Amino acid sequence: MTIEKPRVRFAPSPTGTLHIGGAHTALFNWLWARHTGGTFVLRIEDTDRERSTKEFEQSILDGMRWMGLDWDEGPDKEGSYGPYRQSGRMENYKKYADQLLASGLAYEQDGAVFFKVPEGKLITFDDAVYGHIEVMSEKASVNQDGTIKDIVIIKKDGMPTYNYAVVIDDHTMDINTVIRGEDHIINTPKQILIYQALGLEPPTFAHLPMILGKDKKKLSKRHGATSVFDYNDMGYLPDGVFNFLALLGWSPRSGQEIFSREEAVELFELSSVTKKPAVLDMDKLNFVNQEQMKRMEPHKLLGVIRPFWTKMGLKPETFSDDYLASALHTMGGRGQTTIEVAEYSDYFLSFDVVRERYDASEITEEKRPLLKKFYGELTEKCAEWTPEAMEIFTKEWIAANESSMKEVALPLRWALTGRKVSPGVFEVAAQLGREECKNRLNYYNLLG
RNA sequence: GGUCCCAUCGUCCAGAGGCCUAGGACACCGCCCUUUCAAGGCGGCGACACGGGUUCGAAUCCCGUUGGGACCGCCA
């Protein structure tokens, strides 16, 4: 038996945007294709004429690109198995339906074509994740009252149904590995019945555990974000979402939890996917997202933070990229989302935001003379405007003037940033530059 | 109701009969560093759902119970 390279597919229906569950499925398909050197096919399942729209299709494609999931064949990238939209593959559905009709395994009724579900056949398959599964054919498709329900394969409007179209498409597109959500495990026997009726070999199935909300129910709009773009707006990086999603239902043998796309591709194994449904934990997403930002080169991070600064009303375009990247570097990993990073670093781009926060009562009048003296000397006499030099200068000064680091550094942070929390105050001062520091201190009458 | 699936800390994962007095991560709590923490370091809390087997030995295998999930559309 020859081992053929996997041809996998992600087959969304354009009746909504790419949500987290879909992104998870797409991600695992992509990971497996890239890990094995196989092919990743994107197929649009637009047989629902009522609800499918071009806009949704576009947003799904955009969502996948945002996640960094590229496909080898798809609606916008024709390969030798096209078309890549089901609406363009009607002859296939007709051809195989005719074959079923001719062999008496299907029949027409009320303008639709039904596949006759046989009785007494044991349907089995070996799921790459869930293992051996078997169901009796008469249980594969039933009515609410438990009686056998023949499967509609061609709807009255002439369009194929899901369970039928997948079979025909997966077969005609040479898909040999079907990776999809666990909610489809129950559909698999029906599909296998159709494969068998047509005398076709079913592909390997690999079902992925569901992603549940905090309430342990299947993810839905109730759980907040739907589209992956909502995650972007909430401050999450593609790398963060990618990394986080990869950890739902899978983990590398090494136990490594923070990894790049390349590392994930290298480490991924379908055989180590878990079966238990996973609850989506935003705390963990926050953590992973933060770790991914920490690993980003500052100029690259700048690219994702910039729009958030702009959205806050700041004007990053008035600063050089080097200054801004350096400011982000100074932040030292503070902030879990791009929104937080943008907010926590606002004082590097504007003194106005500092003035809005500044509360004069924080600096008592008795302390003012001492502070004025110190800040005046620091800004004039500290030879080099670097964190190291400032720290040495300050330590010597407080020793000579019987003051303390706390006494002088806290008000300095307050005047410079309008915040009680920030990176090391001398690093902030160095980043702001000597002149800007003098301006801010002078504004508050803190320069002697 | 029926069918299918699942079952280790609150959450995500390790664990494929002895290495487990069950390991890591997030969260939480505490301590330390320090000019502050939203950064960094250290530590703590915390789970094999239950009951039967099998075995010298079970978190790991089998059965049952319970719990949870998914699906039962001419939606996908």
Side-chain angles (χ1 to χ4, degrees), chain A residues 11-16 45-48 50-52 86 109-114 127 129-131 133-136 138-147 149 151-166 180-189 207 209-210 212 214 216-218 244 247-258 272 274-288 290-291 294 331-336 340-341 343-344 391 394-395 398 404-414 417 419-426 428:
Chain A
S13 65
T15 54
E45 310 222 322
D46 58 349
T47 55
D48 184 340
E50 302 285 294
R51 301 189 298 146
S52 296
Q86 291 189 322
Q109 193 177 88
D110 299 326
V113 180
F114 288 74
D127 193 281
V129 173
Y130 285 85
I133 292 175
E134 48 182 57
V135 187
M136 287 307 293
E138 62 270 24
K139 304 284 188 189
S141 177
V142 294
N143 291 298
Q144 285 280 5
D145 64 8
T147 56
K149 180 182 172 68
I151 301 167
V152 173
I153 58 174
I154 304 287
K155 297 184 265 185
K156 200 186 274 185
D157 68 359
M159 299 298 277
T161 56
Y162 166 73
N163 280 120
Y164 173 65
V166 218
R180 71 225 312 189
E182 188 250 39
D183 47 343
H184 285 296
I185 213 164
I186 203 120
N187 285 320
T188 309
H207 289 90
M210 295 272 85
L212 276 22
K214 260 261 176 283
K216 306 229 173 169
K217 292 266 189 283
K218 192 176 175 180
F244 172 68
L247 251 16
L248 251 31
W250 175 74
S251 65
R253 287 232 159 262
S254 62
Q256 179 182 357
E257 293 208 304
I258 304 301
S272 51
T274 61
K275 307 181 202 182
K276 197 176 78 167
V279 175
L280 188 130
D281 178 12
M282 293 303 278
D283 285 332
K284 184 80 174 236
L285 206 210
N286 286 332
F287 168 77
V288 171
Q290 178 170 30
E291 292 302 313
K294 281 188 204 169
M331 290 307 292
R334 268 158 261 250
Q336 298 199 295
E340 283 184 353
V341 172
E343 284 176 354
Y344 295 168
E391 189 164 345
T394 304
K395 279 182 174 160
I398 60 180
S404 69
M405 190 60 100
K406 205 169 212 152
E407 199 169 26
V408 298
L410 257 28
L412 180 59
R413 162 178 289 113
W414 185 235
T417 69
R419 291 186 184 281
K420 298 288 172 56
V421 172
S422 80
V425 70
F426 299 127
V428 171

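Only heavy atoms go into these numbers, but all of them, side chains included; no hydrogens, no water, no symmetry mates. Because the structure is predicted, anything quoted here is derived from the model rather than measured.
- A/Lys275 comes within 4.0 angstrom of the backbone, heavy atoms only, and of no base.
- In plain terms, the two heavy atoms of A/Leu212 and A/Pro277 that are nearest each other are CD2-CB, 3.4 Å.
- Looking at heavy-atom distances under 4.0 Å, A/Ser422 makes contact with a base.
- The residue A/Asp157 sits apart from the nucleic acid: no heavy atom pair falls under 4.0 Å.
- The two residues A/Lys406 and A/Pro411 make their nearest non-hydrogen contact at O-CD, 3.8 Å.
- One P atom belongs to B/rC74, the other to B/rG69, and the distance between them is 25 Å to the nearest Å.
- Both distances falling under 3.5 Å, in either a Watson-Crick or a G-U wobble arrangement, occur for no nucleotide opposite B/rG73.
- Each of A/Val421 and A/Met210 lies near RNA chain B, and the nucleotide nearest A/Val421 is the one positioned closer to the 5' end.
- The residue A/Pro423 sits close to a base: some heavy atom pair falls under 4.0 Å.
- Remark: A/Tyr344 engages no residue in a ring-ring contact (aromatic ring centres under 6.0 Å, His included) (not counting sequence neighbours).
- Among the heavy atoms of the strands lying under 4.0 Å from A/Lys276 are primed sugar atoms or P, OP1, OP2 only; no base atom is included.
- Here, B/rG40 and B/rA47 have their C1' atoms 30 Å apart, quoted to the whole Å.
- Nucleotides B/rC45 and B/rG64 are separated by 35 Å at their C1' atoms, to the nearest Å.
- Residues that satisfy the salt bridge (charged side-chain N to carboxylate O under 4.0 Å, His left out) test with A/Lys294, not counting sequence neighbours, are A/Glu291.
- B/rA7 and B/rG73 are spaced 28 Å apart, taking the P atom of each and rounding to whole Å.
- Base-pair partner of B/rC42: B/rG30 (Watson-Crick or G-U wobble, both distances under 3.5 Å).
- Base pairing of B/rC20: no nucleotide in any strand meets the Watson-Crick or G-U wobble criterion (both distances under 3.5 Å).
- Spacing between B/rC5 and B/rG10 at atom C1', rounded to whole Å, works out to 24 Å.
- Here A/Gln290 lies in heavy-atom contact (under 4.0 Å) with sugar-phosphate atoms only.
- Note on A/His184: a base of the nucleic acid sits closer than 4.0 angstrom, heavy atoms only.
- Using the Watson-Crick or G-U wobble rule with both distances under 3.5 Å, B/rU35 pairs with nothing in any strand shown.
- Counting non-hydrogen atoms under 4.0 angstrom, A/Thr417 reaches nothing in the nucleic acid.
- Defined by atom type and a distance below 3.5 Å, a donor-acceptor pair is missing between the side-chain atoms of A/Asn163 and A/Thr161.
- Contact annotation for A/Gly249: backbone-only contact, meaning every heavy-atom pair under 4.0 Å involves sugar-phosphate atoms and none involves a base.
- Interface limits on RNA chain B: the 5'-most and 3'-most nucleotides within less than 4.0 Å of chain A heavy atoms are B/rG1 to B/rA76.
- When A/Val288, A/Leu285, A/Asn286, A/Asp283 are each tested for a side chain to side chain contact (heavy atoms under 4.5 Å, CB included) with A/Gln336, only one passes: A/Asn286.
- Each of A/Met136 and A/Trp250 was assigned the nucleotide of RNA chain B with the nearest heavy atom; the assignment lying further toward the 5' end belongs to A/Met136.
- Residue contacts for A/Thr15: at a heavy-atom cut-off of 4.0 Å it reaches no nucleic acid atom on any strand shown.
- Residue A/Arg253 is classed as a sugar-phosphate contact, given heavy-atom separations below 4.0 Å to backbone atoms only.
- Residue contacts for A/Asp145: at a heavy-atom cut-off of 4.0 Å it reaches no nucleic acid atom on any strand shown.
- Taking the P atom of each, B/rG68 and B/rU11 are spaced 14 Å apart, rounded to whole Å.
- In a base pair of the Watson-Crick type (N1 to N3 plus N6-O4 or O6-N4) or a G-U wobble (N1-O2 and O6-N3), with each distance short of 3.5 Å, B/rA7 is matched with B/rU66.
- Nucleotide B/rC61 forms a pair with B/rG53, judged by Watson-Crick or G-U wobble geometry with both contacts under 3.5 Å.
- A/Gly146 comes within contact range of no nucleotide atom at all, as no heavy-atom separation falls under 4.0 Å.
- As rounded to the nearest Å, B/rC62 and B/rG24 have C1' atoms that lie 31 Å from one another.
- Nucleic acid contact for A/Val425: base, since at least one base atom lies under 4.0 Å from a heavy atom of the residue.
- A gap of 11 Å separates the C1' atoms of B/rG17 and B/rU54, to the nearest Å.
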